There are 2 protein chains.
Amino acid sequence: MKRSSKLSIALHVLGHMAVKPDEPFTSEQMASFAATNPVVIRRTLGQLREAGLVTSGRGKSGGWKLARAPESISIADVYRGLDERLYVGNKGGDENPAHCAIEIGLAGAIQGGLERAEVAFQSAIEGTSLADLAAALQR
Amino acid sequence: MKRSSKLSIALHVLGHMAVKPDEPFTSEQMASFAATNPVVIRRTLGQLREAGLVTSGRGKSGGWKLARAPESISIADVYRGLDERLYVGNKGGDENPAHCAIEIGLAGAIQGGLERAEVAFQSAIEGTSLADLAAALQR
DNA sequence: TTTCATGTAACTATCATTGTTACAAATAGG
DNA sequence: CCTATTTGTAACAATGATAGTTACATGAAA
């Protein structure tokens with residue numbers, strides 16, 4: 001995982017939301033959960049809203065809620081919703097024309113390995129849900 | 001793979017070295033192979049020397065050579081020699097005391113997934129050797 | 001209509017990586 | 001011994017990605 005902390009932030013606040021799935025949380029509340037800034041929360045959860053995992057409302061009694069039951073949202077769903085990848089695509093993916101034959105074979109071998117790693121990662125985190133995270137809090 | 005390009009650079013120049021395993025290459029030659037700077041090459045191959053994959057000599061007729069036969073050096077060896085990881089450890093690995101129970105369970109789940117991904121990645125690239133890369137050049 | 005919260009743009013701050021310059025140290029060869 | 005060459009490494013600048021911050025328009029509820 002690159003050095004992004006979006007996934008950690010998102011899962012942390014979603015874990016809190018999962019404890020009280022019907023109560024709206026403001027970005028300010030959640031920012032203090034994750035020790036960050038409200039705008040960072042809105043940006044991050046905004047992506048998850050597009051992915052259909054949360055809903056948001058404006059104005060008084062607005063805020064954020066889970067779109068589905070916590071049991072039905074896996075860590076992997078969140079990971080995919082944030083469009084995270086284990087690796088960042090080679091920045092010259094299309095630009096670098098690969099002058100050298102070595103680069104071709106190389107790219108293929110590495111790429112294949114990364115794809116397998118991605119699959120292994122996602123299936124490993126598929127088994128944990130937001131409800132599992134929330135359960136840790138209630139003990 | 002984070003956004004480091006060390007691995008690509010290293011494998012590219014090692015591929016060239018594998019074509020003529022007994023001939024020393026200077027960092028300047030290799031810098032032009034990989035379109036980078038001689039110092040970057042020395043830094044990168046320096047790590048691989050510590051890992052026992054290459055040797056270096058100073059002064060006239062100095063330069064770099066593979067320490068073993070190209071067939072016996074896999075892409076995975078190089079990856080490990082560079083101490084690369086699919087993920088960078090959470091920068092607060094020891095610092096952040098993890099205030100919240102959610103963070104604990106979370107870290108465990110993610111960490112487990114990353115370890116599996118790492119294993120999958122390495123075993124996928126274990127099968128390609130420097131000789132395989134060099135072979136691409138000779139056709 | 002007032003209050004509160006999101007949505008978003010714009011900018012700054014940090015940090016990791018890469019590139020560059022400079023130079024000491026070592027080695028081969030005359 | 002002297003010189004040319006090459007590594008080894010420090011120090012610093014350039015670049016780019018990510019996160020944090022400020023500011024404000026927009027929308028909704030009471």
Side-chain angles (χ1 to χ4, degrees), chain A residues 1-10 12-13 17 23-51 54-65 67 82-93 95-96, chain B residues 1-10 12-13 17 23-51 53-67 82-93 95-96:
Chain A
M1 177 170 52
K2 49 193 179 197
R3 50 128 170 276
S4 162
S5 63
K6 274 199 308 190
L7 181 61
S8 307
I9 290 176
H12 188 176
V13 306
M17 291 168 76
E23 182 172 307
F25 290 81
T26 68
S27 57
E28 196 136 6
Q29 287 178 286
M30 293 190 280
S32 68
F33 289 153
T36 181
N37 191 287
V39 175
V40 173
I41 299 291
R42 286 179 228 150
R43 282 202 285 238
T44 306
L45 293 193
Q47 274 192 273
L48 296 179
R49 184 188 46 228
E50 285 171 27
V54 299
T55 59
S56 66
R58 301 172 118 163
K60 266 186 176 161
S61 78
W64 302 80
K65 284 192 232 178
L82 291 175
D83 217 39
E84 299 258 301
R85 293 290 134 77
L86 281 184
Y87 54 99
V88 298
N90 305 333
K91 60 182 167 185
E95 308 163 16
N96 293 18
Chain B
M1 176 170 53
K2 47 193 182 201
R3 48 129 171 277
S4 162
S5 65
K6 275 199 308 190
L7 181 60
S8 308
I9 290 178
H12 188 175
V13 306
M17 291 167 77
E23 181 173 307
F25 290 82
T26 69
S27 57
E28 195 137 5
Q29 286 179 286
M30 294 190 279
S32 69
F33 287 154
T36 181
N37 191 287
V39 176
V40 173
I41 299 290
R42 285 179 229 152
R43 282 203 284 239
T44 306
L45 293 194
Q47 275 193 272
L48 296 179
R49 184 188 46 226
E50 286 171 27
L53 300 181
V54 299
T55 59
S56 66
R58 302 174 118 162
K60 263 186 179 165
S61 78
W64 302 80
K65 284 191 231 179
L66 297 180
L82 291 174
D83 218 38
E84 300 258 301
R85 294 290 134 78
L86 282 183
Y87 54 101
V88 298
N90 304 333
K91 61 181 166 185
E95 307 163 16
N96 293 17

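Computed from a prediction, not measured in an experiment: that's the story for all the values here. All values below were derived from every heavy atom in this structure, side-chain atoms included, with hydrogens, water molecules and symmetry-related copies excluded. In what follows, chains are A, B, ... by sequence order, proteins preceding strands, each numbered from 1.
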Donor-acceptor contact present, side-chain A:Ser5 to main-chain A:Ser8, <3.5 Å: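 No, the answer is negative, given that no donor and acceptor are paired below the 3.5 Å cut-off.
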Short side-chain to backbone donor-acceptor contact, B:Glu28 and B:Pro38, under 3.5 Å: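 Side chain of B:Glu28 to backbone of B:Pro38, a donor-acceptor pair under 3.5 Å: no, none is there.
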Could you state the [atom1]-[atom2] distance from [X] to [N], rounded to the nearest angstrom?
X	N	atom1	atom2	value
B:Ile41	D:dT9	CD1	C1'	16 Å
A:Arg42	D:dG27	CZ	P	16 Å
B:Glu28	D:dG8	CD	P	15 Å
B:Gln47	D:dT9	CD	C1'	14 Å
B:Lys6	C:dT18	NZ	P	7 Å
B:Leu48	D:dT7	CG	C1'	15 Å
B:Asn37	C:dT17	CG	P	18 Å
B:Leu45	D:dT9	CG	C1'	15 Å

Most 5' of A:Ser61 and A:Thr36 on DNA chain D, judged by nearest nucleotide: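 Residue closer to the 5' terminus by nearest nucleotide: A:Thr36.
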Contact nearer the 5' end of DNA chain D, comparing A:Val40 with A:Gly59: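 So the residue in question is A:Val40.
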Is it the case that the base of [N] and the side chain of [X] share a donor-acceptor contact (distance under 3.5 Å, atom types as modelled)?
X	N	answer
A:Arg49	C:dG7	no
B:Arg43	D:dT9	no
B:Arg58	C:dT27	no

Counting side-chain heavy atoms from CB outward, which of [options] is closest to [X]?
X	options	result
B:Thr26	D:dT7, C:dT6, C:dT21	D:dT7
A:Val39	C:dG7, D:dT21, C:dT21	D:dT21
B:Ser56	D:dT21, C:dC4, D:dG8	D:dG8

Pair A:Ile9-A:Lys6, side-chain contact (heavy atoms from CB on, under 4.5 Å): steps then yes or no: CA-CA 5 Å; A:Ile9 290 176; A:Lys6 274 199 308 190; 5.8 Å; no
Sugar-phosphate only, base, or nothing, as touched by B:Gly46 at under 4.0 Å among non-hydrogen atoms: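 Answer is nothing: B:Gly46 stays at 4.0 Å or more from every strand.
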Nearest-nucleotide 5' precedence on DNA chain C, B:Lys60 against A:Gly57: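 Of the two residues, A:Gly57 wins.
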Heavy-atom pair with the smallest gap, counting every atom of B:Gln47 and B:Leu82: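 Nearest pair, atom of B:Gln47 first, then B:Leu82: NE2-O, 3.2 Å.
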Heavy-atom closest pair, residues B:Leu66 and B:Met17: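 Closest heavy-atom pair between B:Leu66 and B:Met17: N-CE, 3.8 Å.
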